[in-house]
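Just so you know, these numbers come straight off a predicted model, no measurement behind them. Lettering of chains follows the sequences in order, A, B, ..., and the numbering in each one begins at 1.
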Amino acid sequence: DGGITQSPKYLFRKEGQNVTLSCEQNLNHDAMYWYRQDPGQGLRLIYYSQIVNDFQKGDIAEGYSVSREKKESFPLTVTSAQKNPTAFYLCASSDFGQSITGELFFGEGSRLTVL
Amino acid sequence: EDQVTQSPEALRLQEGESSSLNCSYTVSGLRGLFWYRQDPGKGPEFLFTLYSAGEEKEKERLKATLTKKESFLHITAPKPEDSATYLCAVQAHFNKFYFGSGTKLNVKP
């Protein structure tokens with residue numbers, strides 16, 4: 001079945017460590033996104049990519065980095081510069097086509113906890 | 001300022017007790033309004049897309065409607081399995097989505 005796979009589901013990190021969250025999609029979507037979800041808040045955009053080898057910062061990009069070397073993959077690295085990384089991270093993709101309108105499809109999420 | 005506000009934050013219903021969830025928005029150039037269902041510890045699951053005022057979509061016990069300033073998610077005769085957080089999102093510009101903070105629905109048997 002087509003979908004978005006995120007791994008790992010749970011991740012624990014010590015302060016000062018970088019960690020990478022994986023996101024793979026087999027929906028053949030051009031656009032991919034990373035969101036952060038905190039209790040009581042709406043989803044906030046970290047980074048997005050419309051095409052391979054291109055990506056743009058979202059609203060809260062500081063302390064994060066991404067790459068888009070393949071259409072199917074959009075990994076997110078949470079660096080030690082991110083001051084409050086404990087959160088639920090969601091990867092999404094979308095196929096806008098010619099209408100430039102389209103829903104986001106989400107993965108199951110990765111919960112990162114800093115010890 | 002573009003924003004999306006959902007109300008109430010939490011809603012407790014008895015099984016069979018119908019109600020509505022609200023999503024009000026202030027964005028310029030609305031391209032689409034989306035409803036999602038999110039279960040604890042899971043990613044949001046897509047429910048509906050609405051594009052223009054007056055549009056309605058239905059799926060089982062759920063019905064979504066849209067006006068120029070808000071959307072409603074009507075839940076008719078809910079069951080305990082409808083318990084979840086319902087998220088509203090608005091697409092304002094290409095690749096720009098604004099999310100509300102959600103309504104947590106609890107349906108008691």
Give, as side chain, backbone, both or neither, the part of [X] having an atom under 4.5 angstrom from any heavy atom of chain B.
{"X": "A/Asp59", "result": "side chain"}
{"X": "A/Gln37", "result": "side chain"}
{"X": "A/Gln41", "result": "backbone"}

To the nearest 0.5 Å, what is the distance between [atom1] on [X] and [atom2] on [Y]?
{"X": "B/Ser101", "Y": "A/Leu43", "atom1": "OG", "atom2": "CG", "value": "10.5 Å"}
{"X": "B/Phe99", "Y": "A/Tyr35", "atom1": "CZ", "atom2": "OH", "value": "4.5 Å"}
{"X": "A/Phe88", "Y": "B/Lys42", "atom1": "CZ", "atom2": "NZ", "value": "9.5 Å"}
{"X": "B/Phe34", "Y": "A/Leu104", "atom1": "CZ", "atom2": "CG", "value": "7.0 Å"}

For [X], I'd like to know if atom [atom1] has over 12 heavy atoms of other residues, nucleotides or ligands within 6.0 Å.
{"X": "B/Lys57", "atom1": "NZ", "value": "yes"}
{"X": "A/Leu27", "atom1": "CG", "value": "yes"}
{"X": "B/Glu9", "atom1": "CD", "value": "no"}

Under a single-linkage definition using a 4.5 Å side-chain heavy-atom cutoff for Ile, Leu, Val, Met, Phe, Trp and Tyr, are [X] and [Y] assigned to the same hydrophobic cluster?
{"X": "A/Leu76", "Y": "A/Tyr33", "answer": "no"}
{"X": "B/Phe48", "Y": "B/Phe72", "answer": "no"}
{"X": "A/Met32", "Y": "A/Trp34", "answer": "yes"}
{"X": "B/Val90", "Y": "B/Leu73", "answer": "yes"}
{"X": "B/Val27", "Y": "B/Leu87", "answer": "no"}

Check: B/Gly41 main-chain N/O paired with A/Lys9 side-chain donor or acceptor under 3.5 Å: yes

Side-chain donor/acceptor of B/Tyr36 to backbone N/O of A/Phe105, under 3.5 Å: no

A/Phe106 vs B/Phe46, ring pair (Phe, Tyr, Trp, His ring centres under 6.0 Å): CA-CA, chis, key distance, verdict: CA-CA 8 Å; A/Phe106 287 89; B/Phe46 170 72; over 10 Å; no

Any pair with a residue in residues 38-89 of chain B that passes disulfide (SG to SG under 2.5 Å), sequence neighbours left out, goes on the list, sorted by first then second residue, please. B/Cys23-B/Cys88

Between B/Gln91 and A/Glu103, do the side chains contain an N or O donor and an N or O acceptor separated by less than 3.5 Å? no

Between B/Gly43 and A/Leu90, what is the shortest heavy-atom contact and its length? CA-CD2, 3.7 Å

Contact part of B/Glu45 toward chain A, heavy-atom cut-off under 4.5 Å: side chain, backbone, both or neither? neither

